[in-house]
2 protein chains.
Amino acid sequence: MTQETHRPSPDPPTRYKLTLAYDGSAFHGWQKQHPPGQEPLRTVQGELEAVLVRLLNTPTYMLGLLGASRTDSGVHALGQVAQFDAHCPIPIERLARAINARLPNDMEVRSAEVAPPGFDCIGHVTNKQYRYRVYNAEHKPLWRRNAVFHCFGHTLDVGRMNDAARRLVGTHNVEGFAAAGHGRADTVRTIYGCEVLTDPAYPHEVHVTIRGSGFLYHMVRIIAGTLIEVGRGRFEPTQIDRILESADRTLAGPTLPPQGLCLEWIAYGA
Amino acid sequence: MTQETHRPSPDPPTRYKLTLAYDGSAFHGWQKQHPPGQEPLRTVQGELEAVLVRLLNTPTYMLGLLGASRTDSGVHALGQVAQFDAHCPIPIERLARAINARLPNDMEVRSAEVAPPGFDCIGHVTNKQYRYRVYNAEHKPLWRRNAVFHCFGHTLDVGRMNDAARRLVGTHNVEGFAAAGHGRADTVRTIYGCEVLTDPAYPHEVHVTIRGSGFLYHMVRIIAGTLIEVGRGRFEPTQIDRILESADRTLAGPTLPPQGLCLEWIAYGA
């Protein structure tokens, strides 16, 4: 086994930063999960770790593989960031390709680089963007069914939704948009931007993009669910202000399903 | 069971024509299959028939559900055509919606109509179009992996491919482009058009579209495989003429995998 053939090196290992894309449909989220008495669940972290352990001949405990964002089951990523520590015999310019050749077809390393000194992929995040895709047509989203939420019966008013989206921008207590049991003491976050977009390349789709310093559990899915209630006329755009002022989850819309959500990018530094 | 509650009507049943779209990824093709001693395989015909039998309270043998094209396992359709016979209590303008509400998410009725008198969805086909999608980039087609063939290592020359594609147009013996065991005595078909296209909406993709009076077994996948050999420089465009003249399968390119293929439309009448 790899653990037995591993020889500790006298030099400290190098920290690497990976940018990852994955189709979340067939994963139980990012985080490794091994329910007692069962097979481990298929996760992004688990698949990536298995490849790195073999490719770099480094045991799991030394790799210390971490992801910046613990995406839920079914949630996609274009720009997840991960870090690990290893003595890597592969030149950095070939590392992404070497990992990709061993990964399953529903995930891909977009870039591999040596991390800046002291890099912490979770603690040093300054900004991240998510996109939530709503398919707003009567007929089923046959080809996009794992990438969108199907909202039918109402034509969404994108102008009203943007009026609401703008009210999210700023530094607020965002607890009214978090699932119960989010487990965070500090519920103040800064939203840098939020837009509701249509794109002719994706007919019938309405996309919510949101950038912020951080997000509480299910927060983007609840914000998207609230904006849909605005778009179909059940809420006024000013409902956003009421939710931010009251921090009352019951005033917000439903938590939309995971498959519409995609983590687009994560930024570090000023 | 439905067979027991069915009461034969004195009037002859009406023939209906359906236009169907499906994502072929999770189907064992169009045609119903029930291997001895096993569960029936999941097929498009099987799923549709199960819905029609219950919705219309008509037994399988009376429905006589037929599809115009027996698409293979993994092959997609935007415009498959099917027919069935029934005494349908549902107004025709509501029939597509009623069927769709009961179908799984990877297939959809696009239209339902009363068929013209004497309609035969197989025998009366005059023209049909297929599209074969090639993903021509080094990185993996993460989001399109079930809809394209991944061709890497060569940048395809679309101009050369179109030169070859034009040579297919006309009435020929097309047996050189058919899989062994195609089982057809008549191997003359008319190709009305064949194009190699790029579309900015699908970056990195090269699409082969082909229209004809009919196609032999695996014919579109072999034609696409031959055009790729032209596009990467292994064949000259004139190889098409040689294959048509000789009817020799060994002169053509490989059969590409099913997931890149989509049946786009089927036309009836002049």
Side-chain angles (χ1 to χ4, degrees), chain A residues 19-27 44 47 51 74-80 93-94 96-112 131 133 135 137-150 152-153 199-205 257 259-260 262-264, chain B residues 19-27 44 47 51 74-80 93-94 96-112 131 133 135 137-150 152-153 199-205 257 259-260 262-264:
Chain A
T19 307
L20 285 165
Y22 44 87
D23 176 342
S25 309
F27 290 107
V44 181
E47 293 284 342
V51 167
V75 172
H76 315 291
L78 287 176
Q80 170 74 291
E93 66 275 13
R94 292 198 216 139
R97 189 179 293 197
I99 299 170
N100 281 332
R102 290 157 177 85
L103 284 178
N105 277 337
D106 50 357
M107 57 186 294
E108 180 177 52
V109 175
R110 288 286 165 90
S111 72
R131 179 175 299 244
R133 293 178 164 88
Y135 194 86
E138 196 62 38
H139 61 274
K140 294 191 240 184
L142 187 59
W143 308 98
R144 299 279 288 164
R145 66 189 185 282
N146 292 326
V148 299
F149 165 64
H150 187 197
F152 54 94
D199 178 342
Y202 299 100
H204 314 302
E205 292 185 25
Q259 79 274 5
C262 182
L263 168 60
E264 296 211 306
Chain B
T19 307
L20 287 165
Y22 43 88
D23 177 342
S25 309
F27 290 107
V44 180
E47 294 283 343
V51 167
V75 172
H76 315 292
L78 286 176
Q80 169 74 289
E93 66 275 13
R94 292 198 216 138
R97 190 179 292 197
I99 299 170
N100 281 332
R102 290 156 176 85
L103 284 179
N105 277 336
D106 49 357
M107 57 185 295
E108 182 177 51
V109 174
R110 287 286 165 90
S111 73
R131 180 175 298 246
R133 293 178 164 88
Y135 194 86
E138 196 62 38
H139 61 273
K140 294 192 242 186
L142 187 58
W143 308 97
R144 299 278 288 164
R145 66 189 185 284
N146 292 327
V148 298
F149 164 63
H150 187 198
F152 53 95
D199 179 342
Y202 300 99
H204 313 303
E205 292 186 23
Q259 78 274 4
C262 182
L263 169 60
E264 295 210 308

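What's counted below: heavy atoms across the whole structure, side chains too, no hydrogens, waters or symmetry copies. Not measured: the values here are computed from a predicted model. The sequence lines fix the lettering, A, B, ..., with proteins before strands; numbering per chain opens at 1.
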Checklist entry - Does any heavy atom of chain A fall under 4.5 Å from the side chain of B/Tyr22, the backbone, both, or neither of them? => result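 Contact with chain A involves the backbone of B/Tyr22 alone.
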
Item to check | Heavy-atom proximity to chain A below 4.5 Å, by part of B/Ala201 | outcome: neither

Checklist entry - What is the distance from atom CH2 of A/Trp143 to atom CG of B/Asn146, rounded to the nearest 0.5 Å? => result 10.0 Å

Item to check | A/Lys140 side chain vs B/Pro104 backbone, donor-acceptor pair below 3.5 Å | outcome: yes

Checklist entry - Got a donor-acceptor contact below 3.5 angstrom from the B/Glu108 side chain to the A/His139 backbone? => result no

Item to check | Minimum-distance pair of heavy atoms, taken over all atoms of B/Arg145 and A/Asp23 | outcome: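 It is NH1-OD2, 3.1 Å.
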
Item to check | Over all atoms of both residues, closest heavy-atom pair of A/Asp106 and B/Leu142 | outcome: C-CD1, 3.1 Å

